[in-house]
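We're numbering straight along the sequence, starting at 1.
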Amino acid sequence: MRDTDNMEAEMEYDDGEEEPSFSDPEDFVDDISDQELLGDVLRDKPQEADGIDSVVVVDNVPQVGPDRLEKLKNVIQKIFSKFGKITNDFYPVADGKTKGYIFLEYSAPSHAQEAVKNADGYKLDKQHTFRVNLFTDFDKYMSISDEWEAPEKQPFKDFGNLRHWMEDSDCRDQYSVIYDSGERTGIFANDVKEPIEVEERARWTETYVRWSPKGTYLATFHQRGIALWGGEKFKQIQRFSHQGVQLIDFSPCERYVVTFSPLMDTKDDPQAIIIWDVLTGQKKRGFHCESSAHWPIFKWSPDGKFFARMTQDTLSIYETPSMGLLDKKSLKINGIKVTLMQLPSRNEIRVRNLFNVVDCKLHWQKNGDYLCVKVDRTPKGTQGVVTNFEIFRMREKQVPVDVVEMKEGIIAFAWEPNGSKFAVLHGESPRINVSFYHVKNNGKIDLIKMFDKQQANSIFWSPQGQFLVLAGLRSMNGALAFVDTSDCTMMNIAEHYMASDVEWDPTGRYVVTSVSWWSHKVDNAFWLWTFQGRLLQKNNKERFCQLLWRPRPPSLLTQEQIKLIKKDLKKYSKIFEQKDRLSQSKASKELVDKRRTMMEDYRKYRERAMDMYNEQRPLRLELRGGVDTDELDSNVDDWEEETIEFFINEEIIPIGDL
């Protein structure tokens with residue numbers, strides 16, 4: 001208070017005294033900016049865009065009259081409310097109709113940005129595809145110069161040749177291996193003698209890895225999301241941020257990747273399943289997911305243009321790249337029936353109703369020539385389950401259906417990838433049988449062969465067909481049977497104790513059996529076999545976890561070119577055989593050279609050790625008081641002779657016996 005009083009006293013002036021001037025001198029220069037002086041105040045200054053940065057403009061909206069306006073508003077509300085709460089909307093009208101564009105205001109600017117990101121390019125129908133922009137962007141667009149300026153050149157990111165492994169002169173396929181309980185991941189090139197390491201890194205992934213369908217990308221899993229790697233040096237190509245991601249799936253064309261995480265899912269912002277654009281890294285759409293028990297959730301068309309999802313009594317088909325529902329509606333499915341439908345026209349090609357069904361599963365043949373519908377039924381008046389395999393001939397007129405009935409329990413079913421045969425494991429242990437069927441062109445399905453009393457619970461066809469492996473995995477101790485289905489002969493019967501996985505290479509020449517540390521804590525290894533069942537390698541990796549072959553993209557050769565190659569196969573085989581012999585002799589020479597090098601290294605090391613030993617002789621004599629212990633017979637004069645006697649044996653002979 002004292003200081004205040006003094007200040008007030010000093011500011012009191014007499015009437016006759018002139019008041020001092022507080023103005024700046026004429027030559028004064030103010031070098032303090034408003035930001036330095038009032039930074040905290042300016043931060044709270046209202047921005048010019050406040051109030052309109054939550055507004056989006058939607059163009060290419062249908063022009064309707066008053067009678068259809070309410071319906072249009074409901075459609076718009078349904079589409080755009082997914083991105084946030086809409087607080088206001090405005091539909092400009094001229095001549096009794098809407099003008100074809102509308103304004104939507106969201107409760108937050110982030111919701112408006114999400115609407116622009118996901119709804120721009122949304123296909124409402126054949127005539128209307130939305131263009132969505134922020135209202136604040138119009139000032140930017142209006143200020144664009146009429147003179148064209150060349151865009152700024154962006155730096156080129158060279159990821160290398162993404163198909164480089166296809167150019168290997170020896171046509172070696174690659175595979176990924178996770179070992180050391182997941183701490184290390186390696187990429188190897190397959191070779192008959194031993195794997196050739198291509199790349200190896202520590203903690204490359206936190207759980208497991210996955211190849212894309214054509215082998216272009218390697219996906220690794222991390223707590224924060226997914227990373228894609230590729231090129232000759234496996235550089236990081238793309239990242240997708242999805243906290244707690246557990247599962248992924250690629251579209252067949254590799255343009256999209258689907259990720260699943262049980263975390264962060266909300267009613268207004270679905271985050272459980274996200275579809276990403278592989279090339280741009282952008283999120284295309286999110287979906288809710290109640291359960292991931294049946295992964296993958298989506299089934300893709302081979303060209304990646306459509307994907308479908310099945311829920312209770314509803315089939316939803318979506319189209320890319322808009323990620324919108326095909327024809328803006330799902331299909332209601334009442335009861336159980338099989339419907340073959342053509343897309344995008346939705347024409348029904350074949351419908352088959354099913355009755356008394358306990359379970360139903362679909363099995364497509366790889367080329368799409370056949371469809372098997374496995375139907376488990378309970379016939380009237382019985383308590384048992386009967387299985388019917390209903391075979392749809394997709395290439396024939398009106399899609400005829402043949403039925404194969406089995407009264408035994410079904411363990412496994414598998415189509416031949418490039419053929420018209422299928423195999424079925426049926427029965428109960430220890431009487432498990434395997435049956436081979438052939439779908440003929442005359443409308444019949446013939447049983448080719450049945451092997452009884454098989455130790456198998458899985459069927460693994462070669463990717464090229466004809467050959468397969470019957471495997472008794474895990475509880476069946478790794479029993480293996482190699483079968484040639486052309487004449488149904490057992491080429492070999494073997495065992496890989498406690499095997500947990502079987503993986504064919506893309507060519508069908510080799511097959512790998514493995515014992516994963518994830519399922520069994522001992523004997524972790526992977527073994528390489530020929531398609532005939534001849535064991536080539538036993539690769540023991542410490543705490544081995546996973547092996548996955550790198551897929552190959554489809555051949556660029558035409559069917560005519562492939563036929564020509566098969567016709568001249570004998571000519572090519574001679575060249576390959578000569579190359580194999582050279583490779584073997586080269587390998588033998590390399591082994592001899594390697595051993596010679598090792599022997600020479602050992603000789604040089606021994607010479608260095610002897611030189612050091614001789615140089616240290618004076619030091620040894622000094623430490624041992626002049627006693628030379630280098631020779632066994634040294635210092636004979638200092639020896640002392642001592643005689644030691646000890647009892648060996650005693651034998652008593654009675655005199656009377658002499």
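- Remark: side-chain polar atoms of S251 are paired, donor with acceptor, to backbone N or O of Y256 under 3.5 angstrom.
- Here F422 and F413 bring their ring centres to under 6.0 angstrom of each other.
- Residues E542 and N524 bring no donor and acceptor atom of their side chains to less than 3.5 Å of each other.
- Between F544 and F526, the two ring planes are tilted [angle within 30° to 60°].
- Here the straight-line distance linking atom CZ of F260 with atom CD1 of I273 works out to 7.0 Å at 0.5 Å rounding.
- Considering CH2 of W518 and OG of S500, their distance stands at 10.0 Å, rounded to 0.5 Å.
- Stacking of K366 on the aromatic ring of W364 is not recorded, the 6.0 Å distance cut-off and the 45° axial limit not both being met.
- Considering CE of M406 and CG of D376, their distance stands at 12.0 Å, rounded to 0.5 Å.
- The minimum heavy-atom distance between P417 and N367, with the atom names listed, is O-ND2, 3.7 Å.
- Residue R201 places its CZ atom among more than 12 non-hydrogen atoms of other residues, nucleotides or ligands, all under 6.0 Å distant.
- Q466 contributes no side-chain N or O that, together with a main-chain N or O of D484, makes up a donor-acceptor pair within less than 3.5 Å.
- Distance check: L162 CG to E232 CD gives 9.5 Å after rounding to the nearest 0.5 Å.
- Residues in residues 528-541 take part in these side chain to side chain donor-acceptor pair (under 3.5 Å) pairs, two or more places apart or across chains: T513-W529, Q537-N539.
- Among all heavy-atom pairs drawn from C253 and G304, the shortest one is SG-CA, 4.0 Å.
- At least one side-chain heavy atom of L228 sits under 4.5 Å from a side-chain heavy atom of F250.
- Under the rule for a side-chain contact (heavy atoms from CB on, under 4.5 Å), the partners of D191 that lie at least two apart in sequence or sit in another chain are R172, K193, I196.
- No side-chain heavy atom of T485 sits less than 4.5 Å from a side-chain heavy atom of I448.
- Looking at W204, its side chain never comes within 3.5 Å of a backbone N or O of T220 through a donor-acceptor pair.
- Under the 4.0 Å criterion applied to side-chain N and carboxylate O atoms, E200 and R184 are assigned as salt-bridge partners.
- By the 4.5 Å heavy-atom criterion applied to side chains, V373 and L371 are counted as neighbours.
- Within the model, atoms NZ of K284 and OG1 of T320 stand 8.5 Å from one another, a figure rounded to the nearest 0.5 Å.
- Tested against H438 for a side-chain contact (heavy atoms from CB on, under 4.5 Å), the candidates K444, K449, K421 yield a single pass: K421.
- Within a 6.0 Å sphere centred on CD of E600, heavy atoms belonging to other residues, nucleotides or ligands number more than 12.
- Within the 3.5 Å criterion, the main-chain N or O of R163 finds a donor-acceptor partner in the side chain of N161.
- At least one side-chain heavy atom of I187 sits under 4.5 Å from a side-chain heavy atom of L218.
- Taking the side chain as every heavy atom from C-beta outward, I297 and F287 never approach each other to under 4.5 Å.
- Within 6.0 Å of the NZ atom in K374, the count of heavy atoms belonging to other residues, nucleotides or ligands exceeds 12.
- Proximity of a side-chain donor or acceptor of H242 to a complementary backbone N or O of Q271 within less than 3.5 Å is detected.
- In this structure, Y179 and G186 approach most closely via the heavy-atom pair CE2-N, 4.5 Å.
- Considering every non-hydrogen atom in both P553 and M166, the closest pair reads CD-SD, 3.8 Å.
- Shown are D173, D505, D168; of these, the salt bridge (Lys or Arg N to Asp or Glu O under 4.0 Å) with R552 is made only by D173.
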(request) Go through S516 and D501 one step at a time and tell me if the side-chain contact (heavy atoms from CB on, under 4.5 Å) criterion holds. (result) CA-CA 8 Å; S516 173; D501 300 282; 4.0 Å; yes
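- The distance from the CD1 atom of I226 to the CD1 atom of I274 is 11.0 Å, given to the nearest 0.5 Å.
- Proximity of C545 to Y208: side-chain heavy atoms (C-beta onward) are nowhere separated by under 4.5 Å.
- Put simply, the side chain of N388 reaches to within 4.5 Å of the side chain of R377, judged on heavy atoms.
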(message) Applying side-chain contact (heavy atoms from CB on, under 4.5 Å) to D359 and V385, what does each step give before you reach the verdict?
(response) CA-CA 10 Å; D359 189 28; V385 176; over 6 Å; no
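- The two residues S261 and Q243 make their nearest non-hydrogen contact at OG-O, 2.5 Å.
- Classification of the Y318-F307 ring pair by plane angle, with boundaries at 30° and 60°, yields parallel.
- F389 and Y437 have their aromatic ring centers separated by at least 6.0 angstrom.
- For P195 against F188, the heavy-atom pair with the smallest separation is CB-CD2, 3.9 Å.
- In this structure, N418 contributes its side chain and P463 its backbone to a donor-acceptor pair below 3.5 Å.
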